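For reference, the structure is listed below as structure tokens.
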Number of protein chains: 2
Amino acid sequence: MGVIRKTKAVEVLLKEFNSSSVAISAKALIEQLRDTFNKTTIYRVLDKLEDDGILHSFLGKEGIKWYAKCNGCTSTEHNDVHPHFQCLNCGRVDCLSFTVPLPQIPNRKIEVMQLLIQGRCEECFV
Amino acid sequence: MGVIRKTKAVEVLLKEFNSSSVAISAKALIEQLRDTFNKTTIYRVLDKLEDDGILHSFLGKEGIKWYAKCNGCTSTEHNDVHPHFQCLNCGRVDCLSFTVPLPQIPNRKIEVMQLLIQGRCEECFV
DNA sequence: AATATAACGCAACCTTGTTGCATTAACTAA
DNA sequence: TTAGTTAATGCAACAAGGTTGCGTTATATT
Ligand SMILES: [Mn+2]
Ligand SMILES: [Mn+2]
Ligand SMILES: [Zn+2]
Ligand SMILES: [Zn+2]
């Protein structure tokens, strides 16, 4: 797969993610671009951008899907695994750049891990 | 809130969680008890048992809700926060007893964290 | 046994996300 | 530059997980 045509939707969504580095939920994009694009289109473009290694996705607080820019991923290699932070006050979500060392678990093989930290972001921190 | 009446549904669900210590998804319970209870009832009882500090819930792989027994929680204090493990082979989910030390993040306050580790469980480990 | 009301079943609904299909618009090459 | 090819789009309908309102049932209390 992969994005092959530079369509209006691809262009607009790419710009959305390039203008800031915070994560954006599919839900928010659909709402925000409701008058411009159909939700199906948005879901499909996000899918493709993820396949391309341009965006990565993860599940936020209520199990809804968020997307953020990738750093150095390709369509063949998605090696951009890191924790995410969701602010319980303003809702903002972003990527955290550190890695969390996990203890070995006997007789289990760890393949993926997803860590969502919740609390107060820099803006909402008192 | 809290469970006030010992009904059939409460009894059956409690037994379900007491007979083993693995987590069970609401989805699985609804399917399994489809001929006995309405799904609304199951959702409501699970909710209540959680409020009571008897069960805790978390989101699994596809963002669906899982429940497991609590250890030493009450209706006023839910202090049973720990990682969960979901087997990518057999689908089994369980609670992990270790705690993951998180680095301090400057200017942010960490309140909750949810960690889902995926891989191969003891049974499916080769 | 009579009462009060928590819990239940059912149908209808909500939200997030997906699918099939006819139409439109990018890209390709004449 | 235009015609042809087909990826991408819009729309409507659907799916899964979960919630809500309301009339009925069953548990606990007297
Ligand atoms: Mn990220
Ligand atoms: Mn647990
Ligand atoms: Zn914030
Ligand atoms: Zn397994």
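As the structure is a computational prediction, the values presented were derived from the model and not from experiment. Any value given below was found using the heavy atoms of this structure, including those in side chains, with hydrogens, waters and symmetry copies removed.
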Query raised in the report: Minimum heavy-atom separation for A:His56 to A:Cys95, with atom names?
Result: NE2-SG, 3.6 Å

Query - side-chain contact (heavy atoms from CB on, under 4.5 Å) evaluation trace for B:Gln114 with B:His84 - result: CA-CA 8 Å; B:Gln114 39 183 280; B:His84 293 95; over 6 Å; no

Query raised in the report: Are A:Leu29 and A:Trp66 joined in one hydrophobic group, where the rule is that I, L, V, M, F, W and Y side chains link up if heavy atoms are under 4.5 Å apart?
Result: no

Requested in this report: Could you tell me the separation between the CG atom of A:Leu33 and the P atom of D:dG10, rounded to a whole number of Å?
Outcome: 11 Å

**Report entry** Spacing of A:Lys48 atom NZ relative to C:dT18 atom P, expressed in whole Å
**Finding:** 14 Å

Report summary line: To the nearest angstrom, the CG-P distance between B:Asp52 and C:dA6 comes to 15 Å

Query raised in the report: Atom CZ of B:Phe37 and atom P of D:dT25: how far apart are they, to the nearest Å?
Result: 17 Å

Query raised in the report: In whole Å, what is the span from the NZ atom of A:Lys27 to the P atom of C:dC14?
Result: 15 Å

Report summary line: Between B:Pro103 and B:Ile110 the two heavy atoms that sit nearest each other are O-CD1, 4.2 Å

Query - Gap between atoms NZ and P, on A:Lys61 and C:dT16 respectively (whole Å) - result: 12 Å

Report task. Look at the side chain of A:Glu50 and the backbone N and O of A:Ser57, then say whether any donor-acceptor pair between them is shorter than 3.5 Å. Result -> yes

Requested in this report: Starting from C1' on C:dT15, measure out to CD1 on B:Ile64 and report it in whole angstrom.
Outcome: 16 Å

Query raised in the report: What are the two closest non-hydrogen atoms of B:Leu116 and B:Lys61, and how far apart are they?
Result: CD2-N, 3.7 Å

Query raised in the report: Does any N or O in the side chain of B:His82 come within less than 3.5 Å of the main-chain N or O of B:Phe98, such that one atom is a donor and the other an acceptor?
Result: no

**Report entry** Per-nucleotide protein contact string for nucleotides 24-30 of chain C (B base, S sugar-phosphate only, - none; heavy atom under 4.0 Å)
**Finding:** -BBS---

Query raised in the report: When the distance from CZ of A:Arg34 to C1' of C:dT16 is rounded to whole Å, what number comes out?
Result: 15 Å

Query raised in the report: Which of the following nucleotides, C:dG9, C:dT16, C:dA7, is nearest to the side chain of B:Thr41?
Result: C:dG9

Query - Parallel, tilted or perpendicular, as decided by the 30° and 60° cut-offs, for the rings of B:Tyr67 and B:Phe17 - result: perpendicular

Report summary line: Quick tally for nucleotides 19-24 of chain D: nucleotides whose base has a protein heavy atom under 4.0 Å get B, sugar-phosphate-only ones S, the rest -, giving BBB---

Query raised in the report: Given the rule that I, L, V, M, F, W and Y join up when any side-chain heavy atoms are under 4.5 Å apart, are B:Leu14 and B:Ile42 in one cluster?
Result: yes

Requested in this report: For B:Thr36, report the nucleic acid contact type (base, sugar-phosphate, nothing); a contact means any heavy atom under 4.0 Å.
Outcome: sugar-phosphate

